Amino acid sequence: MPAAQPVLVANLGFPRIGPRRQLKTALERFWSGRLEQASLLQTAADLRREGWARQAELGVDILPSNDFSLYDQVLDATLMVGAVPPRFAGARGLELYFAMARGARSGEQETGCCGQDAVACEMTKWFDTNYHYLAPEVAAGQTFDLASTKPVDEFLEARAQGRHTRPVLIGPVTWLKLAKAKDGSDPRDLLDALLPVYGEVLRRLAAAGADWVQMDEPALALDLDDTDRAAFACAYERLTEAAPGLKLMLTPYFAAVEDSLDLALSLPVAGLHLDLVRGPGDLDPTLAKARPDLVLSLGVVDGRNIWRADLTALLDRLEPVVTSGRRVLLAPSCSLLHAPIDLTAETRLDPEVASWLAFGVQKLEELALLARALNEGRASVADALAASDAALAARRASPKVRDLAVQARMAAVTPQMADRAAPVAERLALQAQVLNLPAYPTTTIGSFPQTQAVRRARADQARGRLEPGAYQAFLEDETRMAIRWQESAGLDVLVHGEFERNDMVQYFGEQLSGFAFTEHAWVQSYGSRCVRPPIIYGDVARPRPMTVDWWRYAQSLTVRPVKGMLTGPVTILQWSFVRDDIPRSETCRQIALAIRDEVADLEAAGAVIIQIDEAALREGLPLRRAAQAEHLAWTVDCFRLSAAVAGPATQVHTHMCYSEFNEIIGAIGQMDADVISIETARSQMELLEAFADYRYPAQIGPGLYDIHSPRVPSVGEMADLLRLAGQRLSADQLWVNPDCGLKTRGWAEVKPAVAAMVEAARRLRAEMSLDVARKPAGE
Ligand code: GLN
Ligand code: ZN
């Protein structure tokens with residue numbers, strides 16, 4: 001039976017970087033002064049026009065506008081409500097915009113606003129994605145005003161092209177929940193002050209001709225307290241009153257709404273979107289309880305992964321919903337910002353693997369197909385449905401996804417395999433004998449500058465302009481120079497420098513089976529930065545050692561220990577597109593076994609220290625607290641499985657980038673590493689409190705200086721930080737290192753910074769021996 005009211009396709013947001021990353025190119029040329037502002041804005045307008053045209057062509061009925069952003073949609077919302085931190089006073093327009101995004105330095109042409117240095121707004125992860133937004137900064141009692149009409153301008157821009165769009169706004173409650181107040185006040189107290197600005201935007205949109213507005217409220221799918229619930233109730237009451245004719249599509253995503261469903265259904269909005277990929281269980285209770293006139297936007301196609309949807313299964317689920325008379329829209333689960341744009345751009349993917357995939361464009365095609373099947377019957381799209389079913393069946397049956405040897409190994413994993421052979425105190429004592437390091441041992445996190453020369457050599461080799469032998473010799477030279485320099489700088493534990501690695505995940509993925517790589521499947525990470533995550537399509541195995549030769553070469557050049565350097569299983573998983581046909585935990589365990597083999601081989605080759613980076617351990621944490629413990633259990637277990645093959649005298653290091661360690665300190669303890677290095681420089685060692693309170697039993701290298709800044713820190717300030725760290729932890733627990741890898745810096749910054757860091761360690765050692773000398777005997 002056809003639907004009573006036609007089912008329409010709504011898109012929640014389209015990737016804005018452009019199919020050839022035009023936005024990135026234009027931004028970077030603009031920032032370096034090689035592109036006029038007018039040309040940048042023209043590129044942006046072209047991308048919007050092409051995006052709308054493309055989506056319309058693909059059969060999208062409801063096109064989003066204001067989903068475009070020059071840098072970040074949260075920053076756009078912050079500027080819309082006029083929440084400009086005082087340090088940017090005086091700047092306007094794009095100068096202000098990019099100063100907030102990237103910081104401003106006095107005297108610098110490009111961002112020379114404000115007449116002084118102004119640090120950028122804090123950048124942090126957008127929920128559990130790898131997209132980063134700029135956190136709004138607020139203070140108690142602050143006021144808001146409508147400072148940018150971007151949503152209205154872009155609505156009118158689309159209309160001038162004959163396109164009626166549904167503008168997208170970050171909802172006021174989510175905006176406040178993302179905001180940070182340095183004065184310790186609760187940003188939610190500002191709701192009353194904020195709502196009139198939102199009301200004004202809605203009124204102006206209505207006046208411009210908008211009939212619906214998409215209010216993105218991903219915060220609705222978080223754990224909410226009473227204040228949050230009251231904020232949602234108040235906000236949507238008031239906004240509905242502010243623009244009575246306008247319909248609001250309340251749009252949570254990234255998780256099930258679950259226990260907040262009653263709240264969502266009680267709000268006076270005209271429509272509710274559900275992320276049915278993350279929260280399939282939300283549908284039935286919604287159908288049972290929703291007002292009959294509530295329009296439902298069903299997010300049935302995964303906006304965050306790259307697999308084809310099971311269209312037949314979806315139709316089985318959707319047909320009864322639409323025949324019940326409910327007005328339904330079909331949508332991706334979330335904005336397609338998180339998906340690569342177009343599969344047809346890939347020319348080198350294995351065609352069999354490619355036939356299982358759907359990128360942004362293909363996902364919209366799937367939605368259009370589903371809508372047509374619901375409106376006109378399955379017969380109207382029989383061929384396309386059959387093709388989709390066949391692709392799914394082929395994927396399920398393909399020998400490429402299955403590796404019997406891996407499955408046999410997985411079945412043979414025992415809990416004991418994740419346990420080191422001795423407890424941490426015993427191990428550290430054994431390691432101290434082997435390593436014989438001074439107090440405050442110095443080291444770095446792994447990578448050294450990826451200079452122009454290094455990148456050019458890699459590109460030349462990839463294009464066949466540099467012979468493999470010559471490339472190898474080049475990398476050996478770089479590694480040799482790095483080892484020589486580290487020795488002369490007085491570092492105690494050396495690294496080989498990672499010159500052979502393009503990226504800490506891709507380097508391993510390319511050597512593991514079960515991974516595929518794309519040419520153009522870029523996804524925005526922040527601003528102009530894009531990443532191209534590998535695709536894990538099959539069982540993962542390690543055919544041969546991946547890092548042993550480079551480690552062996554580096555170690556042959558020095559008597560000081562060189563760390564074996566690996567990326568951990570959780571990080572490889574988190575920074576890839578992951579299979580949806582087996583649980584994530586299972587793929588992670590397969591990767592853990594592969595890394596475990598590498599640990600064993602490094603140890604057999606003679607490595608006495610092996611570092612397993614877990615930069616992304618915190619990142620995949622589920623948004624709902626109830627699901628976090630289980631997630632942490634399997635991620636920690638995978639790390640342990642990869643590490644525990646090391647004998648007790650082999651020192652296992654791990655490294656984690658900036659994280660809210662407080663919430664996960666228990667899990668970090670359970671990782672049972674011998675040494676962890678963490679990012680703490682920007683927070684003045686505050687993060688160490690978590691380790692101190694927890695009584696972290698192993699050793700810690702609190703990052704002594706911020707590698708994200710070109711600034712060279714002084715000996716004095718690093719020595720001070722070490723003393724500060726010494727107040728929270730015992731001196732014999734502490735290592736001395738920068739807060740992350742140095743690949744994005746130049747040697748001109750790295751050399752003086754590391755020299756100063758080594759000097760700071762020497763000062764602390766000297767103070768320590770003075771202390772010992774001063775202590776009366778017997779104490
Ligand atoms: N070992 C890696 C490096 O030094 C770690 C990078 C990271 O933590 N993101 O580059
Ligand atoms: Zn790091």
Side-chain angles (χ1 to χ4, degrees), residues 123-125 130 132 442-451 454-455 458 475 478-479 482-483 486 491 493-509 525-526 529 531 533 546-547 550-551 554 562-576 595 598-599 602 607 609-620 639 642-643 651-661 664 668 671 673 675-683 687 700-709 735-747 749-750 753-754 757:
M123 193 164 67
T124 181
K125 298 243 170 205
N130 195 16
H132 303 68
T442 53
T443 191
T444 60
I445 305 303
S447 59
F448 283 132
Q450 291 264 326
T451 56
V454 172
R455 277 178 282 144
R458 184 180 307 126
L475 293 174
E478 293 290 316
T479 307
I483 294 284
Q486 292 174 84
L491 285 160
V493 171
L494 312 193
V495 296
H496 75 285
E498 303 182 21
F499 301 105
E500 77 288 8
R501 302 187 187 177
N502 37 13
D503 171 275
M504 65 188 284
V505 169
Q506 191 175 345
Y507 180 75
F508 290 92
S525 171
Y526 61 87
R529 198 179 138 75
V531 294
M546 305 182 281
T547 64
W550 279 115
W551 174 82
V562 176
K563 291 192 269 191
M565 197 60 62
L566 305 174
T567 302
V570 184
T571 301
I572 293 180
L573 181 86
Q574 191 60 32
W575 289 348
S576 302
I595 299 298
E598 193 70 15
V599 169
L602 280 168
I609 305 185
I610 298 170
Q611 177 171 316
I612 308 173
D613 292 328
E614 282 292 19
L617 188 91
R618 170 74 178 69
E619 219 177 272
F639 176 86
S642 66
Q651 190 164 73
V652 173
H653 290 215
T654 187
H655 165 72
M656 291 175 67
C657 297
Y658 180 80
S659 297
E660 302 280 344
F661 290 112
I664 57 163
I668 291 176
M671 287 167 75
V675 182
I676 181 171
S677 60
I678 55 170
E679 202 173 312
T680 43
R682 274 181 291 184
S683 69
L687 287 176
I700 307 179
L704 280 196
Y705 78 90
D706 177 10
I707 62 92
H708 304 93
S709 158
W735 281 66
V736 173
N737 47 255
D739 71 358
C740 196
L742 296 162
K743 64 173 166 241
T744 56
R745 297 267 64 91
W747 281 110
E749 298 144 10
V750 166
V754 169
M757 186 187 86

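Whatever order the structure lists them in is the order used to number ligands and atoms, beginning at 1. Since the model is a prediction, treat every value here as computed from it, not as a measurement.
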- [ ] Decide whether an N or O pair under 3.5 Å exists between Cys657 and ligand 1.
- [x] no
Open item on the list: Restricting to distances shorter than 2.8 Å, give the number of protein N, O or S atoms close to the Zn ion (ligand 2).
Closed with: 3
Open item on the list: Taking 4.0 angstrom as the limit and counting only heavy atoms of Gly741, give me the atoms of ligand 1 inside it, by number and element.
Closed with: 3 (C), 4 (O), 10 (O)
Task: Nearest-0.5 Å distance, CG of residue Asp739 to OG1 of residue Thr444 - done: 12.0 Å
Task: atom 8 (O) of ligand 1: the protein heavy-atom neighbour that sits closest, reported with distance to 0.1 Å - done: His655 CD2, 2.9 Å
- [ ] Hey, could you give me the CD/CZ distance between Glu614 and Phe639, rounded to the nearest 0.5 Å?
- [x] 6.5 Å
Task: Euclidean distance, Phe448 CZ relative to Gln486 CD, rounded to 0.5 Å - done: 3.5 Å
Task: Per-atom contacts of ligand 1 with Lys743, taking only distances under 4.0 Å to non-hydrogen atoms - done: 10 (O)
TODO: Find the distance between CE (Met565) and CD (Gln611) and round it off to the nearest 0.5 Å.
DONE: 4.0 Å
TODO: May I ask you to say whether Glu498 pairs ionically with Lys743, meaning some side-chain N is under 4.0 Å from a carboxylate O?
DONE: no
Open item on the list: How far is atom 1 (N) of ligand 1 from the closest protein heavy atom, and which atom is that?
Closed with: Asp613 OD2, 2.6 Å
Task: Donor-acceptor pair, side chain of His655 and main chain of Ser677, under 3.5 angstrom - done: yes
Open item on the list: Test your reading of the model: is there a side-chain donor-acceptor pair from Thr567 to the backbone of Asp613, 3.5 Å cut-off?
Closed with: no
- [ ] Mind checking the CG-OG1 spacing from Leu566 to Thr547? Nearest 0.5 Å is all I need.
- [x] 5.0 Å
Task: Which of the ligand 1 atoms, numbered from 1, are nearer than 4.0 Å to a heavy atom of Glu498 - done: 1 (N), 2 (C), 3 (C), 4 (O), 10 (O)
Open item on the list: As an exercise, state the distance from CG of Leu704 to CE of Met757, rounded to the nearest 0.5 Å.
Closed with: 7.0 Å
Open item on the list: Could you tell me, atom by atom, which parts of ligand 1 come under 4.0 Å of a heavy atom of Cys740?
Closed with: 7 (C), 8 (O), 9 (N)
TODO: Please state whether the rings of Trp550 and His496 are parallel, tilted or perpendicular, taking 30° and 60° as the class boundaries.
DONE: parallel
Open item on the list: So if I count the atoms of ligand 1 from 1 in the order they appear, which ones are less than 4.0 Å from some heavy atom of Ser447?
Closed with: 3 (C), 4 (O), 10 (O)
TODO: Below 4.0 angstrom from a heavy atom of Gly446, which ligand 1 atoms are there? Numbered from 1 as shown, please.
DONE: 4 (O)
Open item on the list: Donor-acceptor pair, distance only, cut-off 3.5 Å: does the side chain of Arg458 make one with the backbone of Arg501?
Closed with: yes
Task: Protein residue, atom and distance nearest to atom 6 (C) of ligand 1, heavy-atom basis - done: Met504 SD, 3.5 Å
